[in-house]
> 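Before I ask anything, let me first share the structure, which is written out below as structure tokens.
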Amino acid sequence: MTETKEKKTEAKAAPAKEFAPSGAPIQPMQVDPNEPAVDADPREGTSEEQNRIDFNDPTLSGAEAVAKNLGLKVESKD
């Protein structure tokens with residue numbers, strides 16, 4: 001059996017010049033939104049309420065964030 005060799009092309013992404021506070025590189029990417037592997041509309045089929053929820057508020061504890069987003073009241077442990 002003979003092997004076929006596929007020609008591989010190198011990625012053409014420029015090196016990152018900026019980094020996010022998390023350490024992730026910030027790089028502009030050329031993405032075709034029509035590519036089947038890309039979700040061009042990640043919020044399709046979701047409600048306004050689902051898109052309003054923010055569990056990443058640094059001013060709230062985890063329990064407070066959940067309670068706030070569920071419309072509950074939480075008593076402080078102070």
> Can you sort out the partners of S22 under side-chain contact (heavy atoms from CB on, under 4.5 Å), two or more places apart, ordered by chain and number?
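Checked S22 against side-chain contact (heavy atoms from CB on, under 4.5 Å); matches are A20, A24.
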> Compare every heavy atom of L60 with every heavy atom of K68, then report the nearest pair and how far apart it is.
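It is CD-CD1, 3.7 Å.
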> Go through the structure and list residues passing side chain to side chain donor-acceptor pair (under 3.5 Å) with T46, not counting sequence neighbours.
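Scan of T46 (side chain to side chain donor-acceptor pair (under 3.5 Å), adjacent residues dropped) gives N51.
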> Taking only residues two or more places apart in sequence, or in another chain, which ones meet E44 in a side-chain contact (heavy atoms from CB on, under 4.5 Å)?
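Here the qualifying residues are D41.
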> Do you know which two heavy atoms are closest between G23 and F19, and how far apart they sit?
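Distance-wise, the nearest heavy atoms are O-CD2, 3.6 Å.
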> Please identify each residue that fulfils side-chain contact (heavy atoms from CB on, under 4.5 Å) with N34, with sequence neighbours left out.
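For N34, the residues satisfying side-chain contact (heavy atoms from CB on, under 4.5 Å) (neighbours in sequence not counted) are D32.
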